[in-house]
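Residues: numbered from 1 along the sequence shown. Small disclaimer: the values here were computed from a predicted structure and weren't measured. Note that ligands are numbered from 1 as they come in the structure, with each ligand's atoms numbered from 1 the same way.
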Amino acid sequence: MAEILVLVEHVDGDVKKVTLELLTLARLLGEPAAVWAGPGYSDIAKGKLAEFGAEKVYVADSADIVDHVVAPKAELLASLVASRAPAAVLVASTAEGKEVAGRLAVKTDSGVITDAVGVGEGLVADQSIFGGGVNVHSRVAKGTPIIAVRPNSTAPVPATGAAAEEKVDVELSDSARAAKIVERVKQEKGARPELTEAAIVVSGGRGVGSGENFAIIEKLADSLGAAVGASRAATDAGWYPHAFQVGQTGKTVSPQLYIAAGISGAIQHRAGMQTSKTIVVINKDPEAPIFEIADFGIVGDLNQVVPQLTAEIAKRK
Ligand code: FAD
């Protein structure tokens, strides 16, 4: 069975959830082979990759690969495409993943699909376009299919793989070394879970009314152990940082529970959250379009509903 290469996203020696999703997809398409770029391959990482079905792990542990921004990862994958002839390459459809995919496509003279939300038989990808308004089925017609899949579009399902380690060296070209990371500044990690990986997300929109009032959204989120998200109207107004924006031009989330408070449900917002398992809407306008995709809706003023909900959850703990 031909290999499906999966570029591993990792942080502090641990594998990110999106990689487990990609491995789950890869198992349906061929033999999953993970590609670890950079130092820090650990027993924890190996354990997780094996748990989610990686039969092989190509480890390129040179620091050069992560010190030179994105291009070396594309060169590493290109060398593996040339030597192993995989059936396809899967990467996360994140800002970095899409850049890797694009560069790899040029290097291997292959077609690339981004923003896939699924990949099926015959390597046909479901691709979400026009801000999630239209889904198309696409297939790469040239070279090795390179498919960038959106985080949270597949549920990760465990299945044991051998995770046989194979070291790989890659000779980086001068152009791959053209840009170098000079400093890494670690973002303050709050107590809340990371937005794209959280099981519960509580998001606020223009209806929240001010930056200060986002405190009620945060309190509800904390009572549930949830991440906080925001609509673009709220981030553009400076009420909440852009890093927490959910939607077409923000993050894509697909939690078990998504609570949208004071958000109207514009197509660009839906594009980032409509695959959430259960959607709860709090909005004072019963005609707000977001009710169309709600599993549960509360018509009311969020200034009353949200604190009541937080108090009720606190009582039940
Ligand atoms: P509004 O549409 O103004 O809705 C506010 C809602 O709050 C209303 O439904 C109102 O009834 C309700 N409300 C008001 N007061 C209360 C109250 N006290 N209690 C309860 N409910 C109340 N948007 C995104 O979110 N993410 C994106 O990534 C994104 N990308 C975009 C990309 C492009 C190219 C474009 C053109 C737009 C993009 N947008 C995005 C913007 C999007 O079109 C909407 O403008 C935005 O989502 C609206 O945010 P909102 O729902 O918070 O505000």
Side-chain angles (χ1 to χ4, degrees), residues 18 92-98 114-117 127-135 148 150-153 194-198 200-221 223-224 226-255 257-276 279-313:
V18 64
S93 198
T94 55
E96 181 177 303
K98 284 194 260 194
T114 58
D115 288 316
V117 290
Q127 201 181 6
S128 174
I129 62 165
F130 297 143
V134 177
N135 267 18
R150 280 198 182 166
N152 293 316
S153 43
E194 210 271 311
L195 181 56
T196 56
E197 307 220 326
I200 306 176
V201 174
V202 182
S203 285
R206 203 195 307 270
V208 175
S210 67
E212 294 74 56
N213 208 31
F214 253 81
I216 63 170
I217 302 294
E218 290 183 330
K219 277 191 192 140
L220 176 57
S223 74
L224 292 163
V228 174
S231 73
R232 180 156 159 185
T235 58
D236 278 356
W239 298 347
Y240 220 68
H242 276 284
F244 297 90
Q245 183 183 312
V246 172
Q248 185 188 335
T249 42
K251 303 262 166 67
T252 304
V253 300
S254 190
L257 172 63
Y258 187 87
I259 303 180
I263 293 175
S264 62
I267 189 168
Q268 297 89 353
H269 186 80
R270 290 181 188 203
M273 47 65 72
Q274 63 196 355
T275 56
S276 304
I279 298 172
V280 174
V281 167
I282 303 165
N283 198 303
K284 67 179 183 184
D285 173 9
E287 303 297 325
I290 196 155
F291 280 116
E292 290 163 15
I293 55 165
D295 296 288
F296 300 96
I298 303 166
V299 178
D301 184 341
L302 66 87
N303 294 300
Q304 289 166 11
V305 177
V306 172
Q308 277 175 23
L309 200 51
T310 310
E312 187 59 37
I313 290 160

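Each of the following atoms of ligand 1 lies closer than 4.0 Å to a heavy atom of Q245: 26 (N), 27 (C), 28 (O), 29 (C). Which parts of ligand 1 touch G250 is read off a 4.0 Å heavy-atom cut-off, strictly below it: atoms 28 (O). Interface atoms of ligand 1 facing G205, defined by a heavy-atom separation under 4.0 Å, are 52 (O).
If you check which protein heavy atom lies closest to atom 23 (N) of ligand 1, you get R232 CB, 3.2 Å.
Nearest residue to atom 42 (C) of ligand 1 from R270, Q304, Q268 is Q268 (criterion: closest heavy atom). Comparing G265, G229, G262 by heavy-atom distance to atom 6 (C) of ligand 1, the nearest is G262. Among N283, I298, I290, the residue whose heavy atom lies nearest to atom 11 (O) of ligand 1 is N283.
Of the protein's heavy atoms, none falls inside 4.0 Å of atom 45 (O) of ligand 1.
Residue contacts with ligand 1: V246 is placed with a nitrogen or oxygen under 3.5 Å of a nitrogen or oxygen of the ligand (distance criterion only).
Within the structure, ligand 1 lacks A271 among the residues with a heavy atom less than 4.0 angstrom away.
Contacts between S264 and ligand 1 below 4.0 angstrom, taking non-hydrogen atoms only, involve backbone and side chain alike.
Considering L309, T310, I313 as possible partners of L224, the one that fulfils the side-chain contact (heavy atoms from CB on, under 4.5 Å) test is I313. Between V117 and the choices N135, T275, T252, the side-chain contact (heavy atoms from CB on, under 4.5 Å) rule is met once, by N135.
S276 and Q274 share no side-chain donor-acceptor pair at under 3.5 Å.
Between G229 and F214 the shortest heavy-atom distance is O-CE2, 3.9 Å.
Taking a 6.0 Å sphere around NZ of K98, one finds it holds more than 12 heavy atoms contributed by other residues, nucleotides or ligands.
Within the structure, every pair that satisfies the side chain to side chain donor-acceptor pair (under 3.5 Å) test and touches residues 290-303, not counting sequence neighbours, is listed here: N213-N303, R270-E292, D301-N303.
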